[in-house]
Undergrad: 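Take this structure, written in structure tokens, and hold onto it; I'll ask about it next.
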Amino acid sequence: MFLFWRLVLSHVLGDFPLQTDSIYFLKVKSKLGSLVHGLVFIVLNLLLGWPYLGNKLVFGFFIAIGLLHAIIDRIKISFKGRYTQGETVITFISDQLIHLAIIALVIPFRLPPPQTLSTHGLASLYYNDKFIFYSIAYVLVSFGGFIFST
């Protein structure tokens with residue numbers, strides 16, 4: 001579960017604070033925008049999953065998550081154009097659940113948490129599950145709540 005929670009953090013960072021208005025509008029206009037958005041996920045997955053980069057299967061999974069994210073968002077945009085309601089709470093939550101289900105595919109890998117390399121500075125935060133959970137919650141509350149205000 002160690003890697004799963006770091007990939008969830010990668011997801012919420014990429015879908016909320018790092019999906020700028022420029023990336024969003026590019027994503028809506030063209031497939032290139034979805035690809036750029038997917039590349040953000042690949043980079044985040046590699047950064048937050050760095051202890052597992054030596055595992056070729058996991059490395060490929062990190063890339064696949066980003067590419068699947070781009071494809072799912074592209075499909076969502078094409079469906080969104082067909083309905084006048086645009087983004088609703090249901091489409092928002094459905095989209096997030098699909099992304100989380102894909103991330104959950106990492107769980108059967110049964111990867112142990114990496115050996116703690118340092119208990120100082122940023123490394124101590126990376127290995128601290130509470131910090132990861134609080135970070136996920138902070139991003140969701142700060143950036144994800146917009147859908148409920150519309």
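These numbers come from the heavy atoms of this one structure, side chains and all, not from hydrogens, waters or symmetry mates. Given the structure is predicted, the values throughout are model-derived calculations rather than measurements.
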Undergrad: So how far is it from Gln19 CD to His37 NE2, rounded to the nearest 0.5 Å?
TA: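 Taking CD in Gln19 and NE2 in His37, the distance rounds to 4.0 Å.
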Undergrad: Evaluate whether atom CZ of Phe59 has more than 12 neighbouring non-hydrogen atoms of other residues, nucleotides or ligands under 6.0 angstrom away.
TA: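 Counting neighbours around CZ of Phe59, 12 or fewer heavy atoms of other residues, nucleotides or ligands fall under 6.0 Å, so no.
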Undergrad: Does Phe61 have any ring-ring contact (aromatic ring centres under 6.0 Å, His included) partners at least two apart in sequence or in another chain, and if so, which?
TA: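 Result, ring-ring contact (aromatic ring centres under 6.0 Å, His included) vs Phe61: Phe109.
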Undergrad: What's the spacing between Leu9 CG and Tyr138 OH if we round to 0.5 Å?
TA: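 It comes to 13.0 Å.
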Undergrad: Can you tell me how far OG of Ser34 sits from CG of Leu67, rounded to the nearest 0.5 angstrom?
TA: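 With rounding to 0.5 Å, CG (Leu67) is 11.5 Å from OG (Ser34).
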Undergrad: Not counting sequence neighbours, which residues clear side chain to side chain contact (heavy atoms under 4.5 Å, CB included) with Thr20? List them please.
TA: Ser22, Ile23
Undergrad: Could you pull out all residues at least two apart from Tyr134 that satisfy ring-ring contact (aromatic ring centres under 6.0 Å, His included)?
TA: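 Applying ring-ring contact (aromatic ring centres under 6.0 Å, His included) to Tyr134 gives none.
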Undergrad: Output side-chain donor-acceptor pairs under 3.5 Å for residues 41-49, partner residues at least two apart or in another chain, one line each.
TA:
| unit_1 | atom_1 | unit_2 | atom_2 | d |
| --- | --- | --- | --- | --- |
| Asn45 | OD1 | Ser10 | OG | 2.8 |
| Asn45 | ND2 | Phe41 | O | 3.1 |
| Asn45 | ND2 | Phe62 | O | 3.1 |

Undergrad: Do Ile77 and Lys27 have side-chain heavy atoms sitting under 4.5 Å apart?
TA: yes
Undergrad: Can you tell me how far the CD1 atom of Ile136 sits from the CG atom of Leu13, to the nearest 0.5 Å?
TA: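 One finds 8.5 Å between CD1 of Ile136 and CG of Leu13.
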Undergrad: I need the Asp15 CG to Tyr24 OH distance, nearest 0.5 Å.
TA: 11.5 Å
Undergrad: Under 3.5 Å, sequence neighbours excluded: what are the donor-acceptor pairs made by side chains of residues 97-106?
TA:
| unit_1 | atom_1 | unit_2 | atom_2 | d |
| --- | --- | --- | --- | --- |
| His99 | ND1 | His69 | ND1 | 3.1 |
| His99 | NE2 | Asp73 | OD1 | 3.1 |
| His99 | NE2 | Asp95 | OD1 | 3.0 |

Undergrad: So, using side chain to side chain contact (heavy atoms under 4.5 Å, CB included) as the criterion, who are the partners of Phe2 when residues are at least two apart?
TA: Arg6, Tyr52, Pro113, Pro114, Tyr126, Tyr127, Asp129
